[in-house]
Structure formats: structure tokens, C-alpha cells
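Written below as C-alpha cells is the structure these notes are about.
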Amino acid sequence: MKKIIGLLFVVSLFPFLSTSAEDGHRLWLRYDTLNTAKVNVIIPPAVRGGHENVTTPTIDIAVRELRMFSKSQEVTLRIDKSLPDDEGFTLQTDEQGSTTIRAHHDIGLLYGVYRLLAMQYSETLTGINAEQTDENGHQAPFYKLRLLNHWDNLDGSIERGYAGKSIFWNDDNSQLSIVNSQLIEEYARANASIGINGSVLNNVNASPKMLTAPYLQLVKQIADILRPYGIRVYLSINFASPMALGDTETADPLAPEVAAWWQKKANEIYKLVPDFGGFLVKANSEGQPGPGDYHRTHAEGANMLADALKPHGGIVMWRCFVYGANHKGEDRVKQAVSEFKPLDGLFRENVILQTKNGPLDFQPREPYSPIFDQIIRTPNMVELQITQEYTGQSKHLVYLGEMWHEFFTFVQPEKLKGIAGVANIGLDRNWCGHHFSQANWYAFGRLAWNPHQTSDGIALEWLEQTFDMDEVLNSKMMTSMLISREACVNYMMPIGLHHIFKFDHHMGPEPDGFKANYPLEWCPVYYHKADSLGVGFDRTVATGTGATAQYRPDVARMFENIESCPKDYLLWFHHVPWNYEVYDSITLWELMQERYNTGVKQVLLIQSVWQQMKPYVDEQRWREVDERLQQQVRDAREWRDVCLGYFGSFVRQ
């Protein structure tokens, strides 16, 4: 749909653009309303199709943003088909202060506008974290797929959500209405400002109802709101949907009637949403149905869906988070490679394997998943967890940029086709539950645009745009953010300990956790294997499960040898004697005590730095962060005391 230039958005229709209380709702988009910029739009006649002054909804948004907020007095937006055919842009300012943004597509212009506005509020963006450009000053996103995965249920609840209910789905399903169209547009604006271009609207543990006509009408409404901001919608699907909805007697992917059902369903979806992105699938994992129920492979299941989507340009993102019955007795962290490596190269070209950054389950620290070494003939994308399921659940200040930077030191960004993040967004007024959890949403978007960005630079960008502190205070808070993830690891599970959380909700320590009616690989005792001799999971080839062999040879050798294994992963790969000297004259037990105590001290340090910010931060946000930090200190002490008491009982045996 096209609009005539001059059609302006009335500010009263978009109250989210006006100044509001400092409750965190404006995120990093705290622009001053200036209404002083002159904006020129130049679209070549060939692009206009012979019409005068034709623009698009996306360009209209770009013009509105500039007119209201730009500090540049004059900005020209130009569609330039000589530029690369991507979502990128060039941004140039002359000596008189006039700025020109050029792009091949209108979404590139919008991205350029948001980058210009951000640069006006962040010195870091124009300095140490300035974007890399080509010889012509053009910058473009590194990944074509930059998605948020929402684990939102149709009843409004969110699995692993810690910021209220869903912004998409309503509690009262009898009304079958989206929650709030204005809020969804605010969400779209925030995502576009950091270059996120896709949203999976529902939980990977998907309800078959998601694909029924009433809900697809809601998907259309959401897609229409997101589209001008460059965001395509995707859906998680229940693999057994045709059978669950009573339309077929089976969900066997090789059954002709099942394939026909999915083809018809794809046609129905694309008629409503022509730019629909595709399906995300969790199959044969944690009780979800899949092709394995019919003795079919993941490739056969994925390919059947891929064939249905291909005529429309859609993709299938098939999750590699698979473990359980088919691998009884096998180390859980090995099961994904065991499952998918034999299938490498058998998937359709529009299938992408989506794998968590680590081989287990979003732990505060994991080695990277060996899937990224083993799958070489099938496209891969990484799944990161923005929501803090295992890192304090939006009650703890834990900046995850450091975790994701660690992942990219092992996995070359060029090996991946895309990046997905499990969202931390809900109906809470500040979107993310914790004001500093907003930084993880922001950091994900910035790394999806450019995974070579530094985590410290991203943290500083976010601080400069989110608060009104001076350079010294921003630097202090940046340092606090950078130590926060390591603090979390230290007071929860240092030196490679993992998955010793309380059952089900994953908040708090339970190192003695064991339930006979649970699968063993859900029990904390399975992962630390503490006894009177030592602690840790032996995953070596020589004496353990052999998980080290799944890595590429240089990394496998490093992890296999207790001397060369990085100390941060030591207990992940080795069962280590309590009196083993990890460092000169420092035994494992002494180091464990030191790390737990250090974690508490680090949180106390972060708390003391935040105390210094009180005169410079609005009262509401300062108080709410301070309350969260008080809880984090209590929780850190609980982790330390419980874990040292429990593990100490083995040392004293």
C-alpha cells in the first residue's frame, strides 16, 4: 500500500512518542521532541512508477521520527538503487550540518534514521563503537535473519516470562482480539531502532489452535502493524496440528493427506500475510510431538513443512533442542549432535537448524554447542536467551552481552545464517521487569546487526541513551554491567558447575536435588556428581562420556586435558579431586569457596555503585533498581551459603 507524501502522523495518535514519566517505558528511545528538522524525500521516478510524490508507510515513519526528534536541521532521505540490495544505508553529514541518508529500500532509510537519532544521544556510537562500513560508507546488517522468539501462550501467559503477560495474546480468548495495537506498534518501533526484523509470535510449545482461522486473523492484524517497521511475523507450530485439530487421522510427515493439509494451511496463511516468514518447530523434545512419533527423521518432518512453504518463500527453523527417550543413558549434552549429525545435508534448502548457544539449556555459563562444529552442510542459526530463565529472572542485574561475546569467540559469526533471541518482553510498564534487563534486548539487537561489536561498547551506548548520567558515571555503571554476568556465575555455579537450580522454576539453589519420578537428566545431582573424592562431570574420552570428542580437534584437545581445559569449564568436562591444585597452592575446594564469596562481593559492589547514581537518576527507576539489587544480594548470599554448605559436606567426609 502506498501513501501520498505530506500525509503526517498526528502526535496525539501516538502518545508513546510524547514525554512520559520515567518509568522505563520509553526504553532507550528517550528523544527530546524538537519539531525543528526539515526533511526532504527523494524517490527516483522509476521507483515511483510514474506517480508524483509517492512514498511508503515505512518512509512516512522515518519522516515523522526525523521531524519530531532530529537535532540535524535538514535531513534528506533518498532511495538509491545503485546501493547494495540489502537493508543497509549510508549516512553522511556535510560541513553545514545537513545529513543525507541513502538506501536501496525504504527499510534501510528507517534504519538509517534510527541510527542518526541514536548517534545524537550516544557519543559511543560515533566513537569506539562506530559501525564498520564499506569504502562507500555503506553499512548493512550482518545477518539477514534477526528474530525475537516469543514464548507467549494464547491465554496470555509467557513461558519463562518475567515481565507480565503477553503483549500479543489476550487472557479472554472468547474475544479473540489482540492485546493493544498501540503497544504492539511501540514494540515494533523499539525493534526497528536496533534492526530486529522478525518476531515469532508464540511459544515453541505451541498450541494447535494457533493455526485456526480466528487466530490467523489476529496474526494478520499483528503483521499489518509490524510490517512498516520492517518486521516479518513467524509462528511456532505444533507438529501434530492436522491431527490435533481433527482434520487427519495421523501427523505422519510422509502421509499424503498430512502434506496436503500443510500445503493448504500455508496457502491460507500467505493469503492473509503475504510476507509471512515461516515456521519455528520444536519437535520430539520435552513431550512435543514430531516425526519421531512415526519413526521418521527430523529431516523428513522438516522437509515436508519446507515443501509447503517454499512456493511462498518461507523458511522452517527446526530446533536442535532434542533429548530424551531415544538416547537413554547418553550424556544429555551429546544428544543433539547424535541426533542431527547423521542428517546433515538431508534437509531442504529452506530449512535452518536453530541451536541454543550451549549444548545444555541456557546456563549462566556453558561451552558452545558442538553442533556448530559438526553440522556443515545444513544452515545453522544460534538461539540466545534474552529472558533470564537461569540468570535471575529479571530480579537480578545480569548483562548478557558478555555471555554472547564469549560465544562468538568460539563460533565464527560467518558460520551462521541468522540469530534468534528468546524475548524478555511483557506487559510490565518497563517492558522487561528489570530496568537493566532492557539492556539485554538492546544488546541482542545490536549484536544481530553486527556480531563484531564489543559488549562494553554496547553497554555504554545503552546507558547513554537510557539515563542522563555523565561520562564518569556511565563508565562506572558500564563496569558494573560488565562484571554482572561473571558475578552471577560466581555466586551460582562457578568453575563449570551447571544446572543445580531448584526444580521446574529454576530460581534458587538446590544442589541436592533429586526426584525419583523425574528423568535423571533433570536432576541437579546428575550434573555435579559430587562425592567424597571430588566434583564435576567427566566428559572426557579417556574416562568419561566422550563429549569432548564432539568438538573440532583443537578445542577437543583443550577440553580433554585437565591442565589445558579453561578453568571456567573445568567441572563441566572433568570430575576433579577436592584437593586438586587448580592454581599454584590453590585447591579446587579453596577456589570454589573463593568464587562463591567473590560473587557476593561483586553484587555488593554493583549495589554500591548504583547508590552513587541516586542524585542523577529519576526517583522511580532508581528505587526500582535498588529494590532489585537488594534482593539480588540476598539471593547471592543464599546461593553461596547453600552451595558451600552442601559441597563442603563431601569435602569433610
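- In this structure, Phe501 has its ring center under 6.0 Å from that of Trp639.
- For Phe650 and Tyr646, the ring centers sit closer than 6.0 Å to each other.
- The pair Arg539-Asp331 counts as a salt bridge, with a side-chain nitrogen and a carboxylate oxygen less than 4.0 angstrom apart.
- Between Phe573 and Tyr551, the ring planes are perpendicular. Angles over 60° get that label, and only those under 30° would be called parallel.
- In the model, Gln335 has no side-chain atom that pairs as donor or acceptor with a side-chain atom of Glu330 under 3.5 Å.
- Using a 30° and 60° split on the angle between ring planes, Trp589 and Trp578 fall in the perpendicular class, above 60°.
- Judged by a 6.0 Å distance limit and a 45° cone about the ring axis, Lys529 is not positioned over the six-membered ring of Tyr527.
- In this structure, Lys356 satisfies the cation-pi test against Phe321, with its NZ or CZ atom closer than 6.0 Å to the six-membered ring centre and inside 45 degrees of the ring normal.
- No close placement of the His298 and Phe347 rings is indicated, their centers lying 6.0 Å or farther apart.
- With salt bridges taken as basic N to acidic carboxylate O contacts below 4.0 Å, one links Asp554 and Arg552.
- Using a 30° and 60° split on the angle between ring planes, Phe362 and Trp151 fall in the tilted class, from 30° to 60°.
- Because its NZ or CZ atom is both nearer than 6.0 Å to the ring centre of Phe503 and within 45° of the ring axis, Lys515 counts as a cation-pi partner of that residue.
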